[in-house]
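Reading through the structure tokens given below for one structure.
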Amino acid sequence: MEYNHREIEQRWQQYWRDHEIYKATEQPGRKKFYVLDMFPYPSGAGLHVGHPLGYIASDIYSRFKRQQGFNVLHPMGYDAYGLPAEQYAIQTGQHPEKTTIANIARYREQLDKIGFSFDWSREVRTCDPGYYRWTQWAFIQMFNSYFDLRENKAMPIAALVEHFSKEGTEGVEAACSRNLNFTAAEWNAMTEKEQADVLMNYRIAYQGETMVNWCEALGTVLANDEVSEGVSVRGGHPVEQKVMNQWCLRVSAYAPRLLDDLNTLQWSDSLKETQRNWIGRSEGAEMLFPVVGKDFDLEIFTTRADTAFGVTFMVLAPESKYVERLVTPEQKEAVDAYLAEVSHKTERERQIDKRVSGVFTGSYARNPISGKEIPIWVSDYVLAGYGTGAIMAVPAHDSRDYAFARHFDLPIVPLIEGADVSEESFDAKEGKMINSANDDLNLNGMEVKEAIAATKRYIEEKGIGRVKVNYRLRDAIFSRQRYWGEPFPVYYKDGVAHVMDESELPLMLPEVDAYLPTSTGEPPLGRAKNWKTAEGYPIELCTMPGFAGSSAYYLRYMDPHNDKALVSREADEYWRNVDLYVGGAEHATGHLIYSRFWNKFLYDLGEVVEPEPFKKLVNQGMIQGRSNFVYRIKDTNTFVSKGLKGDYDVTPIRVDISMVSNDVLDLERFKGWRPEFADAEFILEDGKYNCGYAVEKMSKSMFNVVNPDDIVDRYGADTLRLYEMFLGPIEQSKPWDTNGIDGANRFLKKLWGQFEKVDPADQTPMTKEELKTMHKLIKKVTGDIENFSFNTSVSAFMVALNELTAQKSTNAGAMEIFTRLIAPFAPHIAEEFWHRLGKEGSVVDAEWPEWDEANLKEDSVKYPVSFNGKTRFMLEVAADADKAAVEDAVLAAPEAAKWLDGKTPKKVIVVPGRIVNIVL
RNA sequence: GCGCACGUGGCGUAAUGGUAGCCGCGCCAGACUUAGGAUCUGGUGUCUCACGACGUGGGGGUUCGAGUCCCUUCGUGCGCACCA
């Protein structure tokens, strides 16, 4: 009988559904394993063959763990809120929910065909009110919390209120937007609004003034990648930098813990390094520079306190609130002009444009260490969002300050012995200090590192600064002026933001008549009728960003239908956190930071038991497309095969890869593709038209999208699964190359053929050879799966089958082991074999076999014998021979005489079972 | 600029410091075929008729022995990027 993948796969998928084989339940006392894929955004284009790569890998792993006896949780769901559905809604007027649901149905259909072991009873959708009520719930908790720096955790804001009413800010150490100081009496005298403003400064979910890319025409904030050259990518409308009141999450408060706990995770070094980079810890000092003639100080952050004697000017970010207070009447016009110029640039443009620009404020500050008066400038090379938005400039030892000093002709004072600063700055943190002494601090002669430490001590003693660790990680902007997202459970009473009561959740996304901003520039929710609380207070018009719904979804899978809690204590204590998380590395500085933050916040509240959400993480590579080309001879309708195109002047034209097989063009289909090709003529090679190819992004416009449905239809899901794994290491990006898929399919057909030769009732024990082949395979595949090396395990199956074929094996026992081992990779064919072998139940629960080293032992070992490291001949020696015996056998071997050439070896190295090397 | 990966046949790749190239694709030859986008068998790093020599981006080092470890250099990819 022939291998009929269609019939087999359909039948067993039905069997799995009918028996709810993949349904997971909490079983206290039984060891659990949680395998998670990053859930997809269901786009209108459907899945292409790149999407399932990670899903196949995680599916193999979870099936493997299940066969090893673990209680496996392997869920799937949809990240259903997103911009494409909203854009489509704006264009067509169709409700984004409608298209999203249709896309989800399509995704589900495609996923089902591949035979994944997902527990669909736990599916979550971020746009489902039963799900997003918990996103809103978490937001309320964040609103009602502040971050206590002494406890290093989130605490109830009520505790802070109590503290304020008794002691004011005295003794408060909390993460905040600005440092505040007031007494209990002052607090108690504040109005409700004033108190609310103060608390907003401490809340973990807070409203704050933030610099954003604002597009007036679209009426929304845009992300940096949605803006190019000062205009919106969509529509080309002007975009400006604008300070707006936005909801934010105080992610920055968690920076130290997000950094430290990376060490507890089994993630790739590169991913951890990316996060470390993003969090950007730097040790330094904050110093106060008194402003001449004013009663306030400028605060700066520096990692090079040692260079304080070389500060010849200071620079403020254009957005710094000090600019206004420092600009003198004479300089006002120039400063205003500069600020106007800068505000028209996006942050991105400011980063790209490296030209030096800036303006003098007219004010001076006093260097607290050298006592010198120095001018204060404004320039956009100083970032408002990092440190204090102001710097002390040391042109001799910082290349940016150097460029600025050169451009505006400011003094440059070298501080390190031997540093030549006539052409460029000396940025290295090494060398001996010079020019660095005042009455009670002398750094001269010190190494840079000593000098940094000495200066830090000095400024702390003198009260002109303090040691400070700064982080680059910024708070997350949490508002979006969009429709298709979670509504904020926030209303405004007399201009003060209040969160709703948990009992009022979910706050349902209202219907609107259009998905565009209102005529007055309000977000789309401004169109909703009666968008008010029962008491008539207006509700927040922004919605939450994409990462809101994806930040805690792994928790919801543990207990997806619970309407009392995000996750019950019991379910959370059983499943705990994700043991293996598989997904793309592009989420390194987005989702994977937010999710860790969100989890830590819930951990602080005691809502979850684990401080980290994802123990082990594997990044699967991307699958690129492989486009095909035909070559038209210029000004003709004649196409020349690739190998002959050099003889003509040709134009390459992309052709749909469905018309091409193994780079050979189907001429008839090509003629039917486009009317202009109907009477095309061809110049062939060996009767074939060979196409060219290129590796590009997989996309519709390149005609190179491969739909997994087509592969499943033609070769079967098992072939697709094996082939995607066989393509190469899972973490590597690689082009999809349909040319190789026949190999995987051929293997399954051969395996099928091999099975046909087996009599399931035959009880004959395995021969020694069969035992060796199978136990070698068990060992290899077990190790490979643990190491996520699926390409090598697929190879191992091929080797084992070749060996069994060569042994003319028809042994049912060997086939049974093969079936158990290949079940995670090719579950349909394995299920078929399992039942034909007369086994009970599903192969999904077939116990994973163990190998016995005794079966791998040989009677004799073939040693490669080397002379001075170069292998000269092979010699078979009894396996139980000890080192000395092997050495004797080798030296006595007739082949050895030729290489020994009568000499006595200086040294003979015998590595048992591996090699013999003779040094002459 | 900083950080992190990675450079092996025509291609995808494999190799606990121990016979480099397993497995697959492609290609070549043969078998079976009226036919084959089918199947089976054998071959396939380079040079050489052969013996053999040379081969893991280049250069150096450690080692009895290096694709693997160290230094250096070139190249490719990714991440961050005016972060004081």
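Lettering follows sequence order; numbering is per chain, from 1. Any value given below was found using the heavy atoms of this structure, including those in side chains, with hydrogens, waters and symmetry copies removed.
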| request: Would you please confirm or rule out a distance under 4.0 Å between OP1 or OP2 of B:rG12 and any side-chain N or O of A:Lys734? | output: no
| said: Would you say A:Arg914 places a side-chain N or O within less than 4.0 Å of OP1 or OP2 belonging to B:rU16? | reply: no
| task | Mind calculating the distance between OH (A:Tyr689) and P (B:rG37) to the nearest angstrom? | result | 20 Å
| request: Just label B:rG57 as syn or anti from its O4'-C1'-N9-C4 or O4'-C1'-N1-C2 angle, using within 90° of 0 for syn. | output: anti
| query | Which nucleotide sits closest to the side chain of A:Trp278: B:rG12, B:rA81, B:rA14? | reply | B:rA81
| query | Do the side chain of A:Tyr386 and the main chain of A:Asn470 share a donor and acceptor less than 3.5 angstrom apart? | reply | no
| said: Let's see if you can work this out: which of B:rG37, B:rA20, B:rU13 has an atom nearest to the side-chain heavy atoms of A:Pro729? | reply: B:rU13
| task | Verify the contact: side-chain N or O of A:Arg746 to OP1 or OP2 of B:rG24, cut-off strictly under 4.0 Å; return yes or no. | result | no
| query | Between A:Lys870 and B:rC54, is there a side-chain N or O to OP1/OP2 distance below 4.0 Å? | reply | yes
| said: Looking at A:Asn917 and B:rC64, is any side-chain donor or acceptor paired with a base atom of the opposite kind under 3.5 Å? | reply: yes
| B:rC78 phosphate, OP1 or OP2, under 4.0 Å from A:Gln732 side-chain N/O | no
| query | If you find the nucleotide of RNA chain B closest to A:Ser789 and the one closest to A:Glu273, which residue's nucleotide is nearer the 5' end? | reply | A:Glu273
| said: What is the separation between atom CZ on A:Arg276 and atom P on B:rA81, rounded to the nearest whole Å? | reply: 18 Å
| query | When the distance from CZ of A:Phe790 to C1' of B:rC22 is rounded to whole Å, what number comes out? | reply | 19 Å
| task | Give a yes or no on whether a donor-acceptor pair under 3.5 Å exists between the nucleobase atoms of B:rU19, that is its base, and the side chain of A:Arg872. | result | no
| query | Would one find a side-chain N or O of A:Ser268 under 4.0 angstrom from OP1 or OP2 of B:rC4? | reply | no
| task | Please state whether the phosphate of B:rC4, meaning OP1 or OP2, lies under 4.0 angstrom from any side-chain nitrogen or oxygen of A:Asn277. | result | no
| message | Quick one: does any side-chain atom of A:Gln754 pair with a main-chain N or O of A:Ser809 as donor and acceptor, under 3.5 Å? | response | yes
| said: Tell me if a side-chain donor or acceptor on A:Tyr338 pairs with a main-chain N or O of A:Ser379 at a distance below 3.5 Å. | reply: no
| message | Below the 4.0 Å mark, does B:rA84 have OP1 or OP2 next to a side-chain nitrogen or oxygen of A:Tyr386? | response | yes
| said: salt bridge (Lys or Arg N to Asp or Glu O under 4.0 Å), that's the test. Do A:Lys449 and A:Asp306 meet it? Break it down for me. | reply: CA-CA 8 Å; A:Lys449 281 200 178 112; A:Asp306 60 304; over 6 Å; no
| query | When rounded to the nearest Å, what value does the distance between C1' atoms of B:rG3 and B:rG9 take? | reply | 33 Å
| task | Check the distance between B:rA84's P and A:His397's NE2 and give it to me in whole angstrom. | result | 17 Å
| Rounded interatomic separation in angstrom, taking CD1 from A:Ile909 and P from B:rG17 | 18 Å
| said: What's A:Lys750 touching, base or sugar-phosphate or nothing? Going by heavy atoms closer than 4.0 Å. | reply: sugar-phosphate
| query | When all nucleic acid strands are considered with a 4.0 Å heavy-atom cut-off, which category describes A:Val799: base, sugar-phosphate, or nothing? | reply | sugar-phosphate
| request: Could you state the atom-to-atom distance from NE2 of A:His407 to P of B:rC82 in whole Å? | output: 19 Å
| request: Decide whether A:Glu731 and A:Ser268 meet the rule of one side-chain donor and one side-chain acceptor closer than 3.5 Å. | output: no
| field | Phosphate OP1/OP2 of B:rG24 contacted by A:Asn745 side-chain N/O (<4.0 Å) | value | no
| note | When A:Thr805 and A:Arg714 are each assigned the nearest nucleotide of RNA chain B, the 5'-most assignment goes to A:Arg714
| query | Within 45° of the ring axis of A:Trp278 and under 6.0 Å from its six-membered ring centre, is that where the NZ or CZ of A:Arg596 lies? | reply | no
| query | Just how far, in rounded Å, is P of B:rU16 from CG of A:Asp784? | reply | 10 Å
